[in-house]
Amino acid sequence: MKKRSVSAEDGFTLVELLVVLAIIGLVAALVAPQVLRYLGTARVSTTQAQLKNIGSALELYYLDVGSYPSKEQGLNALVTAPASVAGWNGPYLKSQGGLKDGWGRDFLYDNVAGQGVRIYSLGRDGAPQGSGLDADIEYRPQ
């Protein structure tokens with residue numbers, strides 16, 4: 001067996017390391033925006049699915065109680081029984097965590113006479129209106 005001697009020429013040069021780091025940086029710069037776009041659309045899809053789930057729970061509540069929760073009772077009526085509500089047979093959702101949108105904010109709820117029930121999220125920016133990922137996402141039970 002021949003022993004190998006360690007010399008000053010073994011290893012990587014600074015230039016080689018810089019080239020590898022530059023390549024890694026370029027790949028990251030190309031991939032990162034695509035990954036962030038997928039993350040944003042995944043949160044929108046999660047919010048839409050959660051809205052449908054809450055809508056189904058509201059329909060079950062309506063069948064049991066005969067009306068939707070008031071605006072004051074809000075969506076919490078799907079998890080805990082409101083005071084003085086006859087026929088409540090819940091919980092209709094397993095936990096309060098089901099009342100959060102894809103960005104971790106509480107869903108908003110309106111029950112206006114003549115206009116019906118509306119459950120909605122303000123989107124990524126948390127402000128009314130918006131477009132793209134910032135657009136409001138809403139659900140109205142039929």
Side-chain angles (χ1 to χ4, degrees), residues 3-142:
K3 287 188 175 180
R4 187 174 161 182
S5 65
V6 177
S7 71
E9 295 178 8
D10 288 347
F12 298 104
T13 65
L14 180 60
V15 173
E16 290 170 330
L17 290 174
L18 289 175
V19 168
V20 169
L21 286 174
I23 291 170
I24 291 172
L26 286 172
V27 170
L30 294 173
V31 172
Q34 188 67 24
V35 170
L36 293 175
R37 190 174 319 123
Y38 284 136
L39 178 61
T41 56
R43 287 184 177 178
V44 169
S45 298
T46 299
T47 300
Q48 290 170 334
Q50 191 62 21
L51 280 172
K52 289 180 184 176
N53 188 33
I54 294 171
S56 297
L58 273 174
E59 292 298 326
L60 292 172
Y61 180 97
Y62 182 86
L63 290 173
D64 289 344
V65 175
S67 65
Y68 291 111
S70 67
K71 184 172 174 115
E72 292 76 28
Q73 293 168 335
L75 295 173
N76 291 327
L78 300 175
V79 180
T80 57
S84 70
V85 172
W88 193 87
N89 195 24
Y92 301 94
L93 292 174
K94 291 182 180 181
S95 70
Q96 295 284 349
L99 299 174
K100 303 265 185 205
D101 65 12
W103 297 272
R105 292 187 299 269
D106 291 333
F107 281 107
L108 303 171
Y109 175 74
D110 285 333
N111 185 353
V112 180
Q115 295 179 3
V117 172
R118 176 181 174 225
I119 317 158
Y120 60 103
S121 166
L122 296 177
R124 178 181 65 183
D125 64 354
Q129 307 299 312
S131 62
L133 297 177
D134 295 334
D136 296 355
I137 305 165
E138 76 170 40
Y139 180 84
R140 293 180 184 263
Q142 299 299 326

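For this chain, numbers begin at 1 and follow the sequence in order. These numbers were taken from a predicted model, which means no experiment stands behind them.
The main-chain N or O of L122 is never found under 3.5 Å from a side-chain atom of W103 such that the two would form a donor-acceptor pair. In this structure a side-chain-to-backbone donor-acceptor pair under 3.5 Å is present from Y109 to P69. Checking side-chain atoms of S121 against main-chain N and O of I137 turns up no donor-acceptor pair under 3.5 Å.
For D106, the salt bridge (charged side-chain N to carboxylate O under 4.0 Å, His left out) partners two or more places apart in sequence, or in a different chain, are K100. Partners of R105 according to the side-chain hydrogen bond (donor to acceptor under 3.5 Å, both in side chains) rule, which considers only residues two or more places apart in sequence or in another chain, do not exist here.
Y61 and A77 make their closest contact through CE1-O, 3.7 Å (heavy atoms, listed as atom of the first residue, atom of the second, distance). The heavy-atom pair separating E16 from T13 by the smallest distance is OE1-N, 2.9 Å. Heavy-atom minimum distance, G98 versus F107: O-CE1, 4.3 Å.
Here the straight-line distance linking atom CD of E138 with atom CG of L108 works out to 11.0 Å at 0.5 Å rounding. Here the CG-CG distance, from L51 to D101, works out to 8.5 Å after rounding to the nearest 0.5 Å. Distance check, rounded to the nearest 0.5 Å: OH of Y120 to CG of D136 gives 8.0 Å. Distance check, rounded to the nearest 0.5 Å: CG of D134 to CD of Q129 gives 11.5 Å.
The shortest side-chain heavy-atom distance between N111 and Q73 does not fall under the 4.5 Å cut-off.
Of the residues listed (I54, L78, L58), the one engaging Y92 in a side-chain contact (heavy atoms from CB on, under 4.5 Å) is L78, and it is the only one.
Pairs passing the salt bridge (Lys or Arg N to Asp or Glu O under 4.0 Å) check and including a residue from residues 62-84, sequence neighbours excluded, read K71-D110.
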